[in-house]
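Note that the structure is a prediction, hence the values are computed from the model and not measured. Numbered from 1 within each chain, the chains take letters A, B, ... in sequence-line order.
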Protein chains: 2
Amino acid sequence: MVQGLSADSSSYSFTPLVVLELASDTKQEATAWLLSRIRDRQQNGGAELLVEQLGPGAGAQEKENPNMFLVGATWQRLLTGAEDVGLFKEFNDGSMRGFTCANKHNFKDFKGYGDSFLSMAECQYIIKHELDTLRAKDETHVPGHTQAKLYPGKSIIRRLQSKGILIQVFPLHDKEELKRLSFSWYKKVKFSFQPLDDIRHYYGEGQALYFGFLEYFTFALVPMALIGVPYYLFDWEDYDKYVVFAVFNLVWCTVILELWKRCSTSLAYIWGTLSRKKAFEEPRPGFHGVLGFNPVTGREEPLYPNTKRQLRIYLVSLPFVLLCIYLSLYVMMIYFLMEGWALSVHDEEPTFWTGILLFIPSVIYAVVIEIMNLVYRYVAEFLTEWENHRLESSYQNHLVLKVLVFNFFNCFASLFYIAFVMQDMVLLRQSLATLLITSQILNQVMEAFLPYWLQRRRNKKMMRNVQKRRAVEDVELALAEQVRLEADMSMYLGTFDDYLELFLLFGYVSLFSCVYPLAAVLVVLNNITEVYSDAFKMCHVFKRPFSDPAANIGVWQLAFEAMSVIAVVTNCSLIGMSSQVKAYFPDSELQLILWTVAIEHGLLAFKFILTFLIPDVPKHIQINLARLEFESLEALKKKDKKEWTL
Amino acid sequence: MVQGLSADSSSYSFTPLVVLELASDTKQEATAWLLSRIRDRQQNGGAELLVEQLGPGAGAQEKENPNMFLVGATWQRLLTGAEDVGLFKEFNDGSMRGFTCANKHNFKDFKGYGDSFLSMAECQYIIKHELDTLRAKDETHVPGHTQAKLYPGKSIIRRLQSKGILIQVFPLHDKEELKRLSFSWYKKVKFSFQPLDDIRHYYGEGQALYFGFLEYFTFALVPMALIGVPYYLFDWEDYDKYVVFAVFNLVWCTVILELWKRCSTSLAYIWGTLSRKKAFEEPRPGFHGVLGFNPVTGREEPLYPNTKRQLRIYLVSLPFVLLCIYLSLYVMMIYFLMEGWALSVHDEEPTFWTGILLFIPSVIYAVVIEIMNLVYRYVAEFLTEWENHRLESSYQNHLVLKVLVFNFFNCFASLFYIAFVMQDMVLLRQSLATLLITSQILNQVMEAFLPYWLQRRRNKKMMRNVQKRRAVEDVELALAEQVRLEADMSMYLGTFDDYLELFLLFGYVSLFSCVYPLAAVLVVLNNITEVYSDAFKMCHVFKRPFSDPAANIGVWQLAFEAMSVIAVVTNCSLIGMSSQVKAYFPDSELQLILWTVAIEHGLLAFKFILTFLIPDVPKHIQINLARLEFESLEALKKKDKKEWTL
């Protein structure tokens, strides 16, 4: 049994950080081999980590998987790992520098053995990195599993994962810290900012940037919301007022997106992810191809020709996305036909039943949209997987692009149709309000309360089991219970859906802002509850995610900027179409359109100039970065000169 | 006398590379001090270069300046200098790496002492860099010139230049190589490409990139020219054909600009300027401010608050540019009024004199435009100087922007007026042809033949003097003559005007391409002569410029891309205005305009998507760069690990 091995390793001071769950039918020799590789010294190609098998839980039924392992590391190992992953930490002089063990005493918070220099999230990230880079030596396959082939240099964990032997790897929650974090984050009603540094400390930079963006976005919308309120209250229908509102809106959207870049740069600088050099990206687990030599690293790994991938993208994925968009538009047209028909039936002979009939098309349409979104999401994931991207980042970008474009059409097509084909501003305002409010409510329910409720039911059942069988509290057992509880929690799938939701909300606010100034108010209210529900779901519904050292919000910045460009076009057209503006050009509609187009082009040009004029990196960070660069160049020069004169 | 010093330094094998000319009224102690600082060893803060005074020329009149100095360096010094400036050279494995003396034998063409490893242009660039970084120690002013104040760390050469003590620094031509280069470049009629590598070898990367761009641009226009010819020959006036032509044109412009980025990256990679790290940029000579400490380097240097500069830019320069544009438009309107008046006079009572009167407005307008361009250029330079930019690059960018915007309006405003206000396509075609052809002829004359003619007259005079006084040929004397001849040549002011000319030509081709398809043909013809005249002027009219290790064409790429965006707008409007297209929408002009605007937006979106889709760096260079990055990261890791385990 492997159990024996964990006995001698318990002499270390062992803090479990990460859980490995192997399939319950894993062969014993495979488990033993994996553990020995993880424990082996680095010189021998091991990961030099501590690993222990988890004891049986309280509810030790047959269903329980015995193959759960806790991974930890010594303090020294974590420090060398921090250097491996290229962690940036605050230096004595206040600048952010890449951590090196040789230089460790010059870092600000480094005090010695076992202090809080590395946060738990960082330690877990380091362990994940070390596990991921644990490479096969001369094994041809995983012992006991001949179908899981290996070759020198292949990441073992990734192969085990792709073959289904390794079910999951996840970091453990820290109950104490979590309690403290959730208290300061969402358990008290307050008007202060979110504890971003604590969030980053616990969940890593990617999460913290999302919550930072959510908060920033909310505050940035407040001026728009404040201006929008009087329009609603006093029923200002004059379009000259709306024009002012829309122009302010457009400029404001551009400015806040540009300023966010500066904010995110500042945050990433303080958190040390800004100048962090990305390590060479390994192929993602699902990537397959003919074995060959990577031209960059010279290592053996699967290769897949780029042209083949391009062909798959342009000949299959692109037509598929276009087809889906066409379908979505087709469904929309059917909806409008149905609604017209229901309206005509109702008008002809209005009864109670025809009154109900009026609602049926919208209900069907809403359901169909949700179903289409779900189906499309699965197919998009399948297609992107099938495109066989080598890098996780490239996979993500292609997936985001596919989902984004389709969601844009699916959510906004009907609004565009109402606005520009039917030209019915009252209906547009109604639809916008309905869509915005229902999508907000649906989201909150689907996203946080439903998973929470499911989770709670599961927990209660388990707790009942525990209490039935053992009445006594036991620290050892508590850990085992915690691990098994967390292993059962849903997996947090990254910030994708959260950003997508914000993106669509941003669309509702910006695209048709001049007909519905109240949208900003609704979105601000939504965002405030969103902070609470997202925080709650991060703390109590999902497994803790591994931290992700992001330096910015990536492709989403681009998506939001694209939306703000489209918003210029829609708002200008809406203003041009309004009867109040038409009144200024009684003689010729031609003149009106030409003016509208000219102003739109002017606004677009102004947007681009603004984008250039506002520097992405705040001055003081530019100076700090330049100083580091300068110092390293000078040091290099000096060193080279010394070497050469010797 | 300083003359004595040159005697003992002649024992070195001395190849003069760079000429320093001091004002003839420079104090002797200043000259002696400067020479000793240049000759002093690097440990003592000197430049460790060789320097000799130039002997009196053949035409040793009183007018001749005796304070001419030849600067050279030992082979060893040039190698350490190559490392200082961060030169990239081809490594043994074919990749480009930063040259280091410690590693010199691993570079491909390095053979030993005095070989052709470094080109003459590179040596001259190194000497310029070493001279520029020669810094004051504890001198408070230049000896003998109390008004030329110095402080520790101030570049001596820059201070001497800004105080007018140093008149000029220029690299010498290499007569042999120049003859070879000019023969292969323009002296034979050929259909082969330009010898870009030789140009780069002789003039450096900045020049070579300009000629590379000129050649690329010419070849890229050939398809447009070929398609344009039948339109002219067969008088195809159908707008459906023009639509095809214009759409092809728009897509083509985007594609060639994107592909040029790839080309320029390839060239810069081969030439080793792509991954070269820019050394910290020193303040430009004219920069002034209160003495303080640079936050990046910690060195003492003048500081000038950024807000003050921004105020100058937005409160003075921007209004001034707008005013100039307004003036230019005003002058244009006067021109149109005058032309209308002349036409009416001619129509009333046509005589020979009224026929001549018809030409007078255009002549006056052309002259006024030229004068305005000249005056504006001087004021723009003055204003940009007054804005007090710290960096040469930022100075250049602001100057380019100012000149570009004004030139755009000055050259194209009348065409825009004819096209969109007068809507007279025949006149537009005529004006376009006239402007294009006259500007081409004027340019060629002003740019190459006039300076050449002046130069030739000067040379002949000097030669006559020489032959009058000494009949014998003398090698020593030949050098002195060469230096003095070159010192009298005009200074080459950089590629600014050349790029500006190409930019305007690009505007003529792309902005109104659908009314005048022959423009591309004319521009291709012009570019072919331009190659010859530019090559000629580089070789024979101007002083040799210092090489400039550019990695791309910089701000001009942006300018060309902006022009291609404007071209989409103008072409779409022209097509929408054409009577043939109007015929498709007989009922409503509204529909027509909406379609035009929609198509224009579609084309713009397509342009941006294309820009994203075409990667800026070719795949094989991406791989090479990634490999270098990966290797350096691995090496760093290994080194750090070794240091730490020791």
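For Phe560(A), the CZ atom counts as densely surrounded, since its 6.0 Å shell holds more than 12 non-hydrogen atoms of other residues, nucleotides or ligands. Shown here is Phe409(B), whose CZ atom has no more than 12 heavy atoms of other residues, nucleotides or ligands within 6.0 Å.
Ile593(A) and Leu594(B) get closest at one heavy-atom pair: CD1-CD2, 4.2 Å. Residues Val296(B) and Arg627(A) share a closest heavy-atom pair of O-CG, 3.0 Å.
For Ile566(B), no part sits under 4.5 Å from any heavy atom of chain A, backbone or side chain. Heavy atoms closer than 4.5 Å to chain B are found nowhere in Asn294(A), neither backbone nor side chain. At a 4.5 Å heavy-atom cutoff, Gln622(A) makes no contact with chain B through either its backbone or its side chain. Only the side chain of Leu558(A) comes within contact range of chain B, with heavy atoms under 4.5 Å apart. Residue Asn624(B): no heavy atom, backbone or side chain, is found under 4.5 Å from chain A. Contacts between Phe420(B) and chain A at a heavy-atom distance below 4.5 Å are absent for every atom of the residue. For chain B, no part of Val565(A) is nearby; none of its heavy atoms comes within less than 4.5 Å.
Heavy-atom pairs under 4.5 Å with chain A peak, among Val597(B), Val569(B), Thr297(B), Leu592(B), at Thr297(B).
Going from atom CG of Leu401(B) over to atom CZ of Phe612(A) covers 10.5 Å, rounded to the nearest 0.5 Å.
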Test side-chain contact (heavy atoms from CB on, under 4.5 Å) applied to Tyr314(A) and Leu613(B), step by step = CA-CA 12 Å; Tyr314(A) 289 113; Leu613(B) 282 186; 3.4 Å; yes

